Amino acid sequence: MSQLQAYIKDLGWIGPELVLAATALVVLLVELYRRGRKSGWSLGLALVITLAAGFGLSWLGRTFSAALGRPVDLRLDVAVLGLVYVLVTMGDLWFKGDKWDRLVPGLVVLAGTLLAGYYAVGLMSALSADPKGTSVFGLQLVDSYSVYFKLLALVSLLVVTLFTMNYRDLKRGFGEYYLCLVGAHLGIMFLVSSNHLLLIYLGLETLSLSSYLLAGFRKEDPRSAEAAVKYVIYGGVASAIMLFGFSLIFGLGGSLDLVEIGRHLAGTAQGSNRVLVGLGMACTLGGLSYKIAAVPFHFWCPDVYEGAPTPVTTFLAVASKAAGFAVIVRIVAVLGQGPGWLEKVTSLMAVASALSMTYGNLGALHQTNVKRLLAYSSIAHVGYILMAVAALFGAATAGEGGTFHVDPRAAESILYYLGAYMIMNLGAFGAVIYIAKSAGSEDMDDWWGLGWKLPVVSGVLVIFLLSLTGIPPTVGFYGKWLLFRTAIAGGFLWLAVLAAVNTVFSLFYYFKVAKVLFLKPAEESRGVTVRPAAVMAVVLVALGLLTLFFGVLPSALESLAGASAAAL
Amino acid sequence: MTVPLVWYVFLALILFTIGLVVIVSRHNLIYTLMGVELILNGANINFIAFARALGGKYPIAGNIFSIFVIVLAAAEAAVALAIVLHVFGHFGSVRPEDPNMLRE
Amino acid sequence: MLGGILNQVAGGEGGILLSLITFVPILGMLVILFIPKKQHDIIRTIAGVATGIPLALSILLWFLFDPSKGGATAEAMQFVERHAWIPTFHIQYYLGVDGLSVPLIFLNCLLLFIAVPASWKIEKGVKGYFMLLLLLETGITGCFVALDFFLFYIFWELMLLPMYFLIGIWGGPRREYAAIKFFLYTLAGSVLMLVGLVAVYLISAKEGNPTFDLMALAEMARSGKLGANWSVLGMGFKTWLFWFLFVAFAIKVPIVPFHTWLPDAHVEAPTPISVILAGILLKLGGYGMLRINFPLAPEAFRRFAVVLAVIGLVSIVYGAFVAMAQKDFKKLVAYSSVSHMGYVLLGFGSLALLGFAGGAFQMFAHGTSSAMMFLIVGVIYDRAHHRDLNRFGGLGSRMPYYAGLASVGFFAALGLPSMSGFVAEFLTLIGAYEGDHTRWMVLIAIVGVVITAAYILWTIQRVFLGPMKNEEYKKFPDISLREAICQAPLGLLCILFGVLPFLLLDTMRPSLEGLMGVLGLK
Amino acid sequence: MTAEFLAFLVVAAAAVSGALITLWSKSIVRSAFGLILAFLGVAGVYALLGCAFLAITQLVVYVGGVVVLYLFGVMLTPPDLEERRASRVSFWAALGLVSLVLFSISLFGTRLPSSQGKPMGDAAGIGEALLTRDAYLLPFEIASILLLVVLVGAVHLARREKKKAQENAEGEEA
């Protein structure tokens, strides 16, 4: 009995994940029902299962608030939201037609995401008292660090779903698409909260396998197929290498638990098995670097970003990358704490940082396909963030027992930048979807003068580009400011200077886009034939306002990032 | 006297190396996948051998880790082959340099 | 009652006069955002109001300002607004003015106000144009009132984007090139400033007082607490800081050899934007040196003053010579700016009070005269659609009012006695003569003066005197009322401060004396 | 040399030679059979280490599933005739050999825990661990979601588009 109680309590802590999993199942069921339209019994089955999901959700709300104890009582809220969720799902079952085929699964995912986000926010506030949180099932860490990343993932899922609902190039298989998308985010959520090698591997594979499928989702488009194959091949190799690293680290660190591994490995830098440990660390970090597309594991990135459907690219560039960073930071924090390993791990990161930012910027300079340009830009941004990962231990001074501790300010700057990066990249990719649809092309050369035809979206795109460059008053500027500060305070002045030089370079290609949009009069532009739905523009404007808001008043996001970093 | 742990690790290392060599030297998507499987098997040998040496709760953990690896490897192979065959339908080749619509 | 309201808004604790001056344009921008884009006249009128209010407030500011309090230290700052903004980094919303900034704020508001009627003829993308113009005004004013380094940096960068688009969209044929060149040069400077910004903060944190407060930082620098014992790559931290900031501001001034963006930007920019660029944006470089660069590294400044003076001298002479060789009217005016801004640097480099006064005066005087010259070029360009000096001639007889107004601007630039330019150059040269290390430079600077006189007189001759080279030009209408209204106030100011220089000097001198104290001079 | 050591040598030799066949073989079918040999060898290693359940899983899933999958893939694609790259294979193999030797020098100098552990878990122990809250229930559940997603997604990719084919045909007729 007590096992069952403990089990239910643990379930409460992973509420957001459960909601997402339920959403995935509901999407699948709804899709199945819609495929075999006429059959009455399948409607009945779908209704029953949806209702069950709804009751399950409100039950979850109860266990959830029980698990949290005092701070929040979500029972009623969750019940109401669960009801809305059920109504959305059931209501949509009645609508028929191609338009609804596109809309329905998206709406279900939106509802589920909002509900999961509500859980996550509740968790966040419950954790404000004790950021270290708790360990559930003995494997998962529910601390404010992981919940921060879960929130990022949910925001990304929300926006990507909205983008997908307005992405006309995706013609069928919506149910499968959303199942993969939700599955990928589910993988992220498990990944970011794992403190255990097996969970990291499982979460990563859930994320990766879903991403491979998503990248190739537009079957009729050979470019999408090519993207998928490149992604799956490089991804498979990278995850195998990472796993081999895991196997060595497990054996030599004597545990599957990251914290224990760190403790064991701290003193091995001088021992006889340092070569093997080093090989394990190199394989682990190298395999993980693939996920964030850091040089030299970036080969897949431009091709995949260009070929994949744009909403998927958005997801890969934003949520997938943030998850990669979440786990890399956790692992670096563990592997770098040993006195002899600190310099090795951090200098590895510093070199990857320098290479990534330089390579990304040089590669972006001559691109004309905007998605490809943003791909290279994202490699450059990985470089900027890695700069702070290299300085993760600050001006390291050994604590008790000769081990080093993470500088919370450095971790905070990484978390803040990832949030900033997410906002501005969601916006940038969304604007690209919008403008590319209107222009009928992703190539900049077809965009001349379009800014005058689409002033709102082009205007906010300029804001996102400013933010990506790092010009105030935008969220990107403040994020970069934090990273620079971290790098300089951590003794990586040369990296900061290199990043500064790179920033100036990056202006050139970011503003190539702005130039194309506005520096030719409207008369010289290609006509706008299609105009995407207005909701898309609304989302983009909202993201643009967020970019400016967090640029002028960064403290709001910063305090959240700071509180989350405290858990590390 | 049983076989020392180091021999198992050595075997794993050999499989890892051969797998890597297959990946970098054979330019064929299916070969790449085979190389990946070799690396995964090397990792699995490590997991089991180390788990046995560590004792305690780890024998079970090592076993379970390896089982998951096998299951996921199968899933990954299925996905990869689905995609590779799909690409073959578009490009008529299974060499990785042949799909090249996406520019340099 | 009015006085009561005034006191409420402006005076003492809790006054928001500076915030109003800074942010009213942005409010105007937001209003324009919601006006349909076809309503050109409404948009222009709103822009006029949104720039007119700050102008009125800036005049009020000058009247309410009490020069006797001195300047350049925290106590001497007036109309102070101070609130915590980003507490993690001790960043404040800290505004205040002294005698250095007040005239420049007035100049800025005036030029932006003039820019609205000067832009009346622009028909392309009117809505976007005026929105960007208003955003630009907020950025510039913000730089002049910010007393927090971080805040200053934000405003500094805020100017980049509007300027890029104003040149890039509404400019001449090579506008794309000019716009991106301007942007890249300025951003390169900004990044240097950013590195300096981070470094200053970290150093101040090491000293136990992490802050971006410029006044406090200057105080620390003066008492030798700002990184005195630090050296990077064999050079003292303070020296690095000085040069990083100097290059950042020097690009904006601009001085040789960082001036190459200026002719391009000026030639391609539409007239009102050239006016703003020459009239006020360049002044930010000089102002930034006085407010940030020198006070944060006073020792290095004193040590390298002679280098600064030499750079100024080179700019004066080089700019003048290159201006003389120009056939393009606008390029000539642009290079004359390089030459004139050289005086500013020479004045600062002299380390003498009079030199500082001359430099600061020159900033204001050049702001009015160069703005006027660009307006003059604009008038003729609107009619002839080219700017080739060799194809004009004899316009004076056909356009007498225009010629009259134009000669005021030209003579002010030339430095004719009784014009503000004369006062500025005279003060600068006297200051330079006072400084031991700059005494010999006066001789060369006077060569610059002579060349300046030569190319300006030659220009007047080529444009207004002699025979009419093109029959069509006889049909040119004389200057319109709108154009005259744009130019007249500037001309008046040139004469006013030429005849009564103490009006300006009295405002600036106590602050300059305060600054000398901060810099450890006398 | 005990019987166990001898057995280890046999299975290890099978694994390594299988891997080498995969590497060197000119025909992709033969490579796939080399892979089977390698997997069998690895299964033998598991058995030697006392993991009977794992060895059987390896046989069933890898040899029965994965390799058959590969063979399908091989059959469905035409033979890849370009095998004039032997020199490149040798180059990489030589490089791999050198680094392997370098690593093994330090490997055999490493002090690792002795391998006299307890007997490994049997099927019952593994099953219990997989379904217990404090052990591996959660990974088990994650893996089930993962498999569901993969199944549905892979079906989507592999499924022939009847509609599209029809549309195309109709378009041609018209």
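Heavy atoms only: backbone and side chains are in, while hydrogens, waters and symmetry mates are out. This structure is a prediction, so every number in the text was calculated from the model and none was measured. Every chain is numbered from 1 and lettered A, B, ... according to where its sequence line falls, protein lines coming before strand lines.
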> If you count heavy-atom pairs under 4.5 Å with chain D, which of B:Ile14, B:Val6, B:Ile45, B:Leu15 comes out on top?
Replying inline: B:Val6

>> Using 0.5 Å steps for rounding, measure from the OG atom of B:Ser25 to the CH2 atom of D:Trp24.
In response: 8.0 Å

> Is it the backbone or the side chain of D:Leu146 that comes under 4.5 Å from a heavy atom of chain B, or both, or neither?
Replying inline: side chain

>> Restricting to non-hydrogen atoms, name the atom on B:Tyr31 and the atom on D:Ser25 that form the minimum distance, rounded to 0.1 Å.
In response: OH-O, 3.5 Å

> Between D:Phe140 and B:Ile64, is any pair of side-chain heavy atoms under 4.5 Å apart?
Replying inline: no

> If every non-hydrogen atom of B:Ala74 is compared with every non-hydrogen atom of D:Val61, which pair is closest and at what distance?
Replying inline: CB-CG1, 3.8 Å

>> At a 4.5 Å cut-off on heavy atoms, which part of D:Glu128 comes close to chain B: side chain, backbone, both, or neither?
In response: neither

> Where does D:Ala32 contact chain B at under 4.5 Å (heavy atoms): side chain, backbone, both or neither?
Replying inline: both

>> Return the CG to CZ distance between B:Leu13 and D:Phe103, rounded to the nearest 0.5 Å.
In response: 7.0 Å

> Taking B:Asn41, B:Leu11, B:Leu33 one by one, which has the highest count of heavy-atom pairs under 4.5 Å against chain D?
Replying inline: B:Asn41

> Do the non-hydrogen side-chain atoms of D:Leu54 and B:Ile70 ever get within less than 4.5 Å of each other?
Replying inline: yes

>> Quick check on the interface: out of B:Val24, B:Ile83, B:Leu38, who has the most heavy-atom pairs with chain D under 4.5 Å?
In response: B:Val24

> Where does B:Ala80 contact chain D at under 4.5 Å (heavy atoms): side chain, backbone, both or neither?
Replying inline: neither

> With sequence neighbours excluded, what pairs up with D:Tyr136 under the side-chain hydrogen bond (donor to acceptor under 3.5 Å, both in side chains) test?
Replying inline: none

>> Less than 4.5 Å apart, side chain to side chain, heavy atoms only: is that true for D:Leu107 and B:Val9?
In response: yes

>> For the CD1 atom of B:Ile48 and the CG atom of D:Leu49, what is their distance to the nearest 0.5 Å?
In response: 7.0 Å

> B:Thr17 versus chain D, heavy atoms under 4.5 Å apart: side chain, backbone, both or neither?
Replying inline: side chain

> Any idea which heavy atoms bring D:Gly125 and B:Ile60 closest together, and the distance?
Replying inline: C-CD1, 3.8 Å

>> With a 4.5 angstrom heavy-atom cut-off, is it the side chain or the backbone of D:Ala38 that approaches chain B, or both, or neither?
In response: side chain

Determine all donor-acceptor pairs shorter than 3.5 Å in which one atom belongs to a side chain in residues 8-23 of chain D; sequence neighbours excluded.
from	atom 1	to	atom 2	distance (Å)
D:Ser17	OG	D:Ala13	O	2.6
D:Ser17	OG	D:Ala14	O	3.1
D:Thr22	OG1	D:Gly18	O	2.9
D:Thr22	OG1	D:Ser31	O	3.4
D:Thr22	OG1	D:Leu35	N	3.3

> Under 4.5 Å between any side-chain heavy atoms of D:Ile142 and B:Phe68, yes or no?
Replying inline: no

> When only pairs under 4.5 Å are counted, which of B:Val79, B:Val71, B:Ile18, B:Leu20 shares the most heavy-atom pairs with chain D?
Replying inline: B:Ile18

> With chain B, which of D:Ala154, D:Pro139, D:Gly153 has the greatest number of heavy-atom pairs at distances under 4.5 Å?
Replying inline: D:Pro139

> Any side-chain heavy-atom pair from B:Trp7 and D:Phe108 closer than 4.5 angstrom?
Replying inline: yes

